[in-house]
Amino acid sequence: MIFKQLIEPDSNTYTYLLGCPDTRKAVLIDPVLDTVERDMNVLQELGLTLACTLETHHHADHLTGARVLRELTGCKVAYPAIEMPGCADIGVEEGTPFEVGTLLLHPLFTPGHTSHHHAYLLDDGARPMVFSGDVLMIDACGRTDFQSGDAATLYRSVHEKLFVLPDETLVYPGHDYKGRFVSSIAQEKTRNPRLGSGKTIEEFVTIMDELDLPYPRKIDYAVPGNEQCGKCPPNVPEKYRAPCDAYDQG
Ligand SMILES: [Fe+2]
């Protein structure tokens, strides 16, 4: 498999490029509008054709690059089927593997950060990899106080869908804010201070209730924009408009 972990530094979002070496088809998991040009260059350098973009959820901290990438490459846009916007081409759901050439991604319904969140498991006979989005991060997890989030639901998703994976499964999160790239299921089960080391669901809910996080700075335009596959809404503030102005989004 061809694999690249790419970062958008303003929102500390990881975009994952997975390519099939036989067909040269690729998927981008959680692309960001701000880094579409970088992604296009990487695809070209690797001789890959973008077959589709794939979202873990409707993000609140950045606009997806899905719509612009579709305009530039003709790729399909995939979202969780449970809350698939009308602009998307493909709805994914647990139980139905998502094919990219010879690669198979297994969607895992993992609500809690949002009610429609999905992680994606790649298990191709080598070491398994799970792209955990915002439900499980390195020593952390996504917040549960916005967008249909629910702490108890997130706890159950992590314990019932992710912590049951083989210990050696590599965990590639949707974000990291401390420059870390990858973890493993064993490591998160042991070390995650919120979800691992025997923390109960009650303890987890209390931890999340007491986080007292600031209001997400891009949520007011990011969520409505992502519900349109990454179309820039009129209320994008001037300081964030550059990637919107770079592309004709007619
Ligand atoms: Fe998120």
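Note: hydrogens, waters and symmetry copies are ignored here, and every other heavy atom, side chains too, is used.
In this model, a donor atom of one side chain and an acceptor atom of the other lie less than 3.5 Å apart for His59 and Asp30. The closest side-chain donor-acceptor pair between Glu188 and Ser183 falls under 3.5 angstrom. Remark: the Thr206 side chain and the Glu203 side chain contain no N/O donor-acceptor pair separated by less than 3.5 Å.
Aromatic rings from Tyr14 and Phe131 are positioned such that their centres are separated by 6.0 Å or more. Aromatic pair Phe3/Tyr172: ring centres closer than 6.0 Å. A distance of 6.0 Å or more separates the ring centres of His116 and Phe109. Taking the six-membered ring where the residue is Trp, the centroids of His57 and His118 are separated by 6.0 Å or more.
Every side chain to side chain contact (heavy atoms under 4.5 Å, CB included) that Arg180 has, sequence neighbours left out, goes to Ile138, Asp139, Asp176, Lys178. With sequence neighbours left out, the disulfide bond (SG atoms under 2.5 Å apart) criterion links Cys229 to Cys87. Listed by chain and number, the residues in a side-chain hydrogen bond (donor to acceptor under 3.5 Å, both in side chains) with Thr110 are His117 (sequence neighbours excluded). For Thr144, the side chain to side chain contact (heavy atoms under 4.5 Å, CB included) test picks out Ala151, Leu154, Met208, with sequence neighbours left out. Checked against side chain to side chain contact (heavy atoms under 4.5 Å, CB included), Glu37 has the following partners two or more places apart in sequence or in another chain: Asn41, Tyr247.
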Cut-off 3.5 Å, no hydrogens considered: what does the side-chain donor-acceptor table look like for residues 44-52, sequence neighbours left out?
none

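Other residues, nucleotides and ligands place more than 12 heavy atoms under 6.0 Å from the NZ atom of Lys161.
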